[in-house]
Structures are given as structure tokens and as C-alpha cells.
Amino acid sequence: MLIYNTAKREKEAFIPLEDRKVRIYVCGPTVYDDAHLGHARSSVAFDLLRRTLTALGYKVTFVRNFTDIDDKIIKKMEETGKSLEEITSHYIQSYTEDMHAIGVHDPDIAPKATESIDEIITFIDHLMQKSCAYVIDDGVYFDTSRDPKYLCLSGRHVDESQNIARVEGSDQKRDPKDFALWKFSKPGEPDYESPWGRGRPGWHIECSAMIKKHLATDHEYQIDIHGGGADLLFPHHENEAAQSRCESGHYLARYWMHNGFVQIDGEKMSKSLGNSFFLKDALKVYDGEVLRFYLLSTHYRANFNFNEEDLLASKKRLDRLYRLKKRLGITSGSAVEKAFKARVLEALSDDLNISAALAAVDEMIQNANERLDVNPKDKGFKKEIFANIAWLTDLLGIGGQDPWRWFQQGIDETTRKQIETLIHERSEAKKVKDFARSDAIRDELHAMGVQIMDTPEGTLWEKSLS
RNA sequence: GGCGACAUAGCCAAGUGGCUAAGGCAUGGGCCUGCAAAGCCCUGAUCCCCGGUUCGAAUCCGGGUGUCGCCUCCA
């Protein structure tokens, strides 16, 4: 397995800290709002990483946190009058549902910041003992000057402090780059007791503390892979790395992976630009698996330009897989074709080269169709193809649904009956070669958004693309 | 201003020195079909521009141009 390591700006062979085991930590959402397409993309990307490593035989422990105490959540409390718990539990549930809808597996551990307060305080205490942190009016700060490797991860220059200087907080900071580990609370804000005063954790410290609590080893590196969106590289990941280095004397992660952005019309999707899309809204219009496949089909590091035209093209590509599955007409498989499996895994082993993997899938589909054209009743072959698709479902999270239902999504029972009646009528007309009548019925079905296909097994129908 | 990424057919998108530059969508032609649909076959690129290195470059180096991102909460 090759992984592009952001820390080194190049692809590297993946070597786990412990044989056959992989520890992955991915930065999760701050739960103050519903998940947007960017969360979906990031989740799908690291879900693919996890599934690929599992398919390659690694025992993967996958952790993704919830940031459930934060300035934005406090702002939401003020706006809505709701409690912290009400807000965060609602959005955690919402996020979890959305991820399920796009086929993202639950992490092995999903820690919350508020359930890790003790560990966070202990962590900060260690930093204080090592003189890597100091207390000023509004909180406890990390002293970046104490970390000689600070800025190594993101590759920034040390002398660019001007821009950072205007960051919130106190002018008592020793250096503009220093960041808050613990923020003292104002009256009415949710807070926790600490040796330095009541308050709440800073954003960066949460991840370091939770990694230490749930994943860290005693090796040179605490975990194997740390992932997140490209925007987290600086300052979030830089700060995490610095804290953990100073606190433990070990590096935080051996490999850093960052996914590219979802863009709308060539620009970053963001609330301030007003082009932000909630996943929930997209799911009202498109099937979760279609969205998953679409988001999956572009390499995780590339920026992703979301638009409906490409999404529909992507759905058609996925339809080919389901049409083949439908054609098999069986419900169990034999063994996966070795060459196919090897080719897909080889592609994904190259820093998750999904394009090459999907090309292999497309060719498998085409070869299967070709062979079934020649010999439609080859049961043994059908079982093999069925096994290929089932294997893909495990690996990529696609193709797992019933193929008949797949092509008839969103059709209610009444309409279904109506369609079947019309098809029956048309078959009768065809029997007596009344083609004018049968074509008229087909037109009628077409107007209803139904595509029909005459096969040796009878007339089948699909819901056509809008 | 500092740092970085990207630029391949109408669209999406692989390929990082060497056979005819993957794959999908769309387009056009064909097989099949009563006609369709589905499926299959065929159909398309001087790899942003200019220099350089090399026997040989989309691929490496230099210089342009363009697009985007980070530097502030951000997936």
C-alpha cells in the first residue's frame, strides 16, 4: 500500500506500527449544524481507506471524534435557547443518520470531547509541567516556541506571524502563534472545573487527548494515520502534532492524509459564499448510494466540483453494475474472480487510485455482459459475477441493493400496479401484432417516466432518469 | 503579501520517461429488436503556452498564462 503523506509531500510505502494492525484517527465534525457535502466527501474518502486496508488484511481501528463543546455550539445555544446537550445530541444523531445513508460505516470508537475532559486536563497539566504552556487572562496557552518542530508539518515559515497576530484572544500571548488549550468561561457558558479555572477545552487539544486516550501506542509514532480535510492541515493538525510531541515525546502520526474540497461552480463550498449544501437536502433528491458513488469516483486528494450533470453521468455508470446484477437473476455467488480482485486491490493500493479501480470494475461488467450475450445460461459464470459484485459491495459500498428495486425507486404501489397492467395490455397487443397499440402503450409508459425492455424473460421496466 | 495544489478529448477522469495516452458520460455509425430499450462492436486528444534536459517527455527542469486552496471557524 502506498499512501501520500502530507507531512512529506510524497507517496510512501505504508508500514504499520504493529504488524497487520492499523490505527486511524480522522477529525470528525463540530456538531452545531447538519452535515454538508464536504463532510460527506471526507467521510467517504476515509471510509474507503478503512475498507481498503481491511480488504488488504489489516486489522483496522478507526476513530472519528465529535467536537461537542465549542464556540459555535455556544453561539447556537444563545440563538436557540436550547441546552448544549440538546443541540449536540441532535446533530450527532443527524450526522450518524446521514453517514449511514451514504454507506459510511460507523467508526470503531466515536469519542466526544465532553467525555474526555479529564484526559484533556491531564494533558494540559503535563504541558504545564514541561513549561510548554502558560496561563494568561483568558485561558491556558500552548507555547509554540517550546517546540522546535513547530510548523514542520504544514511547511510554513516561522516569520509569518503578522497574519496570525490579529487572531482572537489576548495580547498577553507570548507569541501570536500560540494557541488556546483551555479557554476560561464567561458567565452562563458551559464550563468545567480545572486547576487553572473554570472553562472549556480549546479545539486542538481535544484531538490530541482523545488520540492518547483511545489509540496511542508507545512507539515513535502514536498512531499510523491521521486524516482530515485539507483545510485542517494548518493550524489544526500542526497544533495537534506540536502538543502531542511536547506532551509525550513521540510523534503523533506517521502518515497524514488530507482530502480535497467539494467545490460548487469551481469555488469552495462555504456558508459565507452561500453555496453550501446540506447532505440531507441532497438525499431528498438523490439516492444515498448514488451520492456515495459520485463522491467516491474522484480521487480523495483532488478537489471535487459538485454538479448535477456529473452526478447523473455517475449514476448511469453505477446503473451498469446494477443492470448486470439484475441480469444474473440469482441470489448467491461462488468465489470472486482472482484477477479481478487483484486488479482492483492493486489500484486502491496506490494511494486509493479509485479511477483505476473503477475502470477495472467497468471492464469486469463489460466482459460479463459480453459473455452473457453469448451464453445467457452459464450458471457457474453467473455465480462468479455475483460473487464479484458482492465483494465490491464490501469494498466500495456499492451494488448491495436489490437490482429490481434499484431501477424502480420512488414508484408507489398504485403506480406499480398501473404500470404492470399497461405492460400486460401491451403484451397482449404484441401477441396479435397490434404494434400501433403496443407502441401507444409504450409512449404512455414513457410519459409516466417508465422505460421498458422486451427480453426473452418477458417485458421488464425501469424508472427512467428524469 | 507568504505557502501550496492543479491545468489530459464536448464533460468527468486515470496515466509521473519508452508498445496504438485507461475507464465512464455524451456524440455518430453498426449488430440485435416488429420498432425500441438494454447489451455488444466501431467512432474521438499534436496531453495550457514557450524554452531546456534526453536516443526518447503528457510525464523531468526553467519561464509564462490560467484556475483553485490555505494563511481566520471550516471536511
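Numbered from 1 within each chain, the chains take letters A, B, ... in sequence-line order.
Counting non-hydrogen atoms under 4.0 angstrom, A:V361 reaches nothing in the nucleic acid. Nucleic acid contact for A:A359: base, since at least one base atom lies under 4.0 Å from a heavy atom of the residue. Within 4.0 Å (heavy atoms only), A:R301 reaches no atom of the nucleic acid at all.
Atom C1' of B:C19 sits at a distance of 27 Å from the matching atom of B:C40, rounded to the whole Å.
As the counterpart of B:G66, B:C6 is assigned, both hydrogen-bonding distances of the Watson-Crick or G-U wobble pattern falling under 3.5 Å.
Taking the side chain of A:D362 as heavy atoms from C-beta on, and the options B:A22, B:A37, B:G23, the nearest nucleotide is B:G23. For A:Q263, counting side-chain heavy atoms from C-beta on, the closest listed nucleotide (B:G39, B:G34, B:C68) is B:C68. Here B:C70 is the nucleotide among B:G34, B:C25, B:C70 with the atom lying nearest to any side-chain atom of A:K268. Nearest to the side chain of A:D310, among B:A37, B:C12, B:C40, sits B:C12. In this structure, of B:A75, B:C73, B:G39, it is B:A75 that holds the atom nearest to the side chain of A:M269.
With hydrogens and angles disregarded, no donor-acceptor distance shorter than 3.5 Å links the side chain of A:R174 to the backbone of A:F142.
Judged by distance alone, with hydrogens and angles left aside, A:D231 brings no side-chain donor or acceptor close enough to the base of B:C71 to form a pair under 3.5 Å. At a cut-off of 3.5 angstrom, counting only N and O atoms as typed in the model, there is no donor on one side facing an acceptor on the other between the side-chain of A:N353 and the base of B:G15. Taking only distance into account, the side chain of A:R41 never meets the base of B:A75 through a donor-acceptor pair shorter than 3.5 Å.
Ring to ring, A:H204 and A:H237 are not that close: their centroids are 6.0 angstrom or more apart.
A cation-pi arrangement is not found for A:K11 relative to A:Y4, the charged atom failing to lie both closer than 6.0 Å to the ring centre and inside a 45° cone about the ring normal. Cation-pi check for A:K112 over A:F66 is not met; the charged atom does not lie both under 6.0 angstrom from the ring centroid and within 45 degrees of its normal.
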